[in-house]
Amino acid sequence: MEDITYDAEYTFTVTSDISLEAWFESVPYGVEDADAEAVQVYATDGVIYINGYEGEVKVVNAAGQVVKDVMVNGAEQLNVNAGLYMVVTGNQVTKVVVK
């Protein structure tokens, strides 16, 4: 599969049968202000680990559903199913893949 465009709009003429796949990615507000070294977020074997952060953590799955919304105090282990997640810690968003 090849990338056709990254533009917000794309117009084309269909001349035969075709399969299309669109991928959308949002950028959460405030990410540019994140201190990436202050918070460590990583995942292994059904667990998301969060170190160096105190406050609310939201874990959002690939469908955009919040699957965890918890308060943490420095270090936390969150059990989740296998999948792709965005972990929101304050103004930092980290993408993790859980196997």
Side-chain angles (χ1 to χ4, degrees):
M1 178 187 313
E2 72 179 73
D3 292 338
I4 294 175
T5 184
Y6 289 97
D7 295 339
E9 294 184 22
Y10 177 68
T11 304
F12 64 98
T13 302
V14 177
T15 58
S16 63
D17 289 346
I18 187 171
S19 291
L20 299 175
E21 183 174 343
W23 290 79
F24 300 93
E25 183 175 328
S26 66
V27 178
Y29 175 78
V31 173
E32 65 276 1
D33 298 327
D35 181 0
E37 295 184 22
V39 180
Q40 294 177 337
V41 178
Y42 57 95
T44 62
D45 299 327
V47 179
I48 296 174
Y49 296 89
I50 302 160
N51 294 314
Y53 180 74
E54 294 182 10
E56 182 180 28
V57 171
K58 289 188 180 187
V59 179
V60 181
N61 66 16
Q65 300 165 320
V66 176
V67 295
K68 298 277 184 181
D69 188 353
V70 297
M71 296 298 290
V72 300
N73 191 17
E76 191 73 31
Q77 298 178 13
L78 304 175
N79 294 314
V80 294
N81 294 327
L84 173 66
Y85 297 94
M86 301 301 283
V87 180
V88 182
T89 52
N91 63 356
Q92 177 176 320
V93 178
T94 307
K95 179 171 62 173
V96 294
V97 176
V98 178
K99 296 182 180 184

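Keep in mind it's a predicted model, so treat the numbers as computed, not measured.
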Atom pair NZ/CG of K99 and D45 - distance to nearest 0.5 Å
9.5 Å
To the closest 0.5 Å, what do you measure between CD1 (I50) and CD (Q40)?
11.5 Å
So, using side chain to side chain donor-acceptor pair (under 3.5 Å) as the criterion, who are the partners of N61 when residues are at least two apart?
Q65
What is the minimum heavy-atom distance between V39 and Q92, and which atoms define it?
O-NE2, 3.5 Å
Separation between CG of N81 and CG of N79, rounded to the nearest 0.5 Å
9.5 Å
Contact summary for A43 and V97, nearest pair of heavy atoms
CB-O, 3.8 Å
Within the distance-only criterion (no hydrogens, no angle test), does the side chain of K68 pair as donor or acceptor with the backbone N or O of V87 below 3.5 angstrom?
no
Quick one: hydrophobic cluster around Y42, which other residues, with the 4.5 Å side-chain cut-off, linked directly or via members?
V47, Y49
Hey, does the side chain of Y53 reach the backbone of G90 with a donor-acceptor pair shorter than 3.5 angstrom?
yes
With a 4.5 Å cut-off on side-chain heavy-atom distances among I, L, V, M, F, W and Y, is there a chain of contacts connecting V70 to V41?
yes
Just how far is it from atom OG1 of T89 to atom CD of E56, taken to the nearest 0.5 Å?
11.0 Å
Examine L78 and V67 and state if one hydrophobic cluster contains both, with Ile, Leu, Val, Met, Phe, Trp and Tyr joined whenever side-chain heavy atoms are less than 4.5 Å apart.
yes
